[in-house]
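Please read the structure below before turning to the comments.
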Amino acid sequence: MLEWIRFLAGAALLVFGLGIFIVELIGVYRFKYVLNRMHAAAMGDTLGIGFSLMGLILMNGLNFTSLKLFFVIVFLWFSSPASSHLIARLEVTTDEEPEKHYRRVELKKLEAELTAREEMESREA
Amino acid sequence: MSKKVPKEQYEKTLSYRMRQWYEGEKDPFLNTVEMKPQPEFKEDKAVIEKRESERKSLYEHIYDMEHNAKVRTFRKLYRVFSVIFCIALVLVLLTMVSYLPTIGEVSNPVNNEVSRRYIQNGLQETGAVNIVTGMILDYRAFDTLGESHVLFIATCTVLILLRVDKKKAKGGQEDAEENDRVHEPKNDIILQTVARILVPPIIIFGIYVILGGHLGPGGGFSGGAVIGAGLILYLNAFGFVKTERFFTAKTYKWMSFCALACYALSKCYSFYTGANHIKSVIPLGTPGAILSSGLILILNICVGIVVAGTMYTFYVMFRKGGH
């Protein structure tokens with residue numbers, strides 16, 4: 001009975017991870033701009049692989065192999081965001097027509113804008 | 001019973017688009033994903049003229065073709081000998097091909113007893129649990145020695161092609177520093193933090209793969225590649241000033257030289273004893289222990305050192321042109 005529960009939980013995690021991979025693939029092919037596509041790809045590299053490997057760990061039980069799988073998760077969660085960050089930074093510094101792709105805002109200006117909008121809404125209400 | 005759908009409605013469905021894509025009529029990613037056409041190759045007239053005049057002046061002033069009989073004869077002989085060399089090479093290769101055994105013969109190397117012997121006696125003769133390692137570092141160690149030398153020679157060739165002359169580039173140190181990746185981040189704090197956490201486990205994992213080469217999957221080549229990747233990550237995060245404290249061209253030279261010499265000498269010893277039926281003094285140990293299988297562990301470490309140094313040096317050469 002317990003074996004079955006473990007197997008089903010592992011399988012559910014694995015399927016959920018695979019679903020995230022499918023979302024990632026659709027995003028990579030549907031988005032047009034590099035940073036959007038990278039966002040989709042990075043999601044699969046962290047969350048998708050995390051859930052899939054967690055499912056495999058559950059199915060495998062606690063032994064040396066699952067420890068190795070856990071280290072794989074830790075490694076990927078460190079390295080994949082860092083590499084995505086570097087690629088994104090390179091894209092931002094070398095983009096030839098940035099105003100076509102994204103809007104650059106300073107945080108203070110954004111805050112002021114948001115508070116102004118809130119005031120407007122409260123006044124209307 | 002399938003329902004007949006009008007054509008306009010059918011053309012909007014997913015299955016119609018799938019079919020279009022399958023039959024190659026329409027590429028769904030064309031014009032949706034960012035693509036830039038390659039600019040057509042164009043050359044100014046001035047560039048062509050300049051190149052031509054440079055070529056002409058090279059022949060007239062530097063080689064001095066009209067008066068230099070030596071160069072002229074050399075160029076003629078060069079052409080003749082290159083043709084002769086190519087023909088000779090083709091002939092040699094064709095003769096060797098004609099000596100190849102026919103397919104499916106009983107006495108072919110595939111069918112003979114060598115592979116069976118590796119599987120049956122490999123553990124007793126080499127002491128390595130991993131048969132593949134026993135094969136490449138014991139039965140066929142000479143081959144692996146050649147591979148390590150190929151790596152070393154490749155580094156030497158890249159060095160000849162890409163090295164920046166330090167005397168000529170004097171005063172251009174800042175230029176070089178500026179040319180070194182204008183767009184890429186320097187002192188990126190995210191990368192530095194990640195590298196500080198990840199580099200030690202990567203290098204320890206590489207050492208583990210090298211040391212466990214005769215017990216399981218792994219070995220010098222893969223472990224060396226892992227260590228090289230760790231070094232490259234460290235270099236990317238912290239720059240040349242920090243890596244040059246412990247790894248310079250001189251270190252690489254001595255490391256490779258020592259590793260290759262150690263490999264060659266230890267293998268010479270085992271070939272000498274083996275060919276003369278002398279018992280080797282190196283014990284094989286108990287299979288499964290780390291200190292077992294005779295020379296294989298040492299050879300793995302040598303190969304690992306060469307591979308790690310080669311990977312790192314390649315990267316440095318392509319990025320900066322020298323350590």
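Chain letters run A, B, ... following the sequence lines, proteins first, then strands; residues in each count from 1.
- Neither the backbone nor the side chain of Leu233(B) comes within less than 4.5 Å of any heavy atom in chain A.
- Under the side-chain contact (heavy atoms from CB on, under 4.5 Å) criterion, Ala308(B) pairs with Ile227(B), sequence neighbours left out.
- Residues Arg89(A) and Ile190(B) are not in side-chain contact: their nearest non-hydrogen atoms beyond the backbone lie 4.5 Å or more apart.
- Residue Tyr10(B) places its OH atom among more than 12 non-hydrogen atoms of other residues, nucleotides or ligands, all under 6.0 Å distant.
- To the nearest 0.5 Å, atoms CG (Leu86(A)) and CG (Asp188(B)) are separated by 5.5 Å.
- Crowding of His39(A) atom NE2: a count of heavy atoms from other residues, nucleotides or ligands under 6.0 Å not exceeding 12.
- Within 6.0 Å of CZ in Arg6(A) there are more than 12 heavy atoms belonging to other residues, nucleotides or ligands.
- Remark: Thr193(B) OG1 to Phe78(A) CZ distance equals 9.5 Å, nearest 0.5 Å.
- Contacts of Thr133(B) classified as side chain to side chain donor-acceptor pair (under 3.5 Å), with partners at least two apart in sequence or in another chain: Asn130(B).
- Contact of Ser79(A) with chain B is made through backbone and side chain together, with heavy-atom distances under 4.5 Å.
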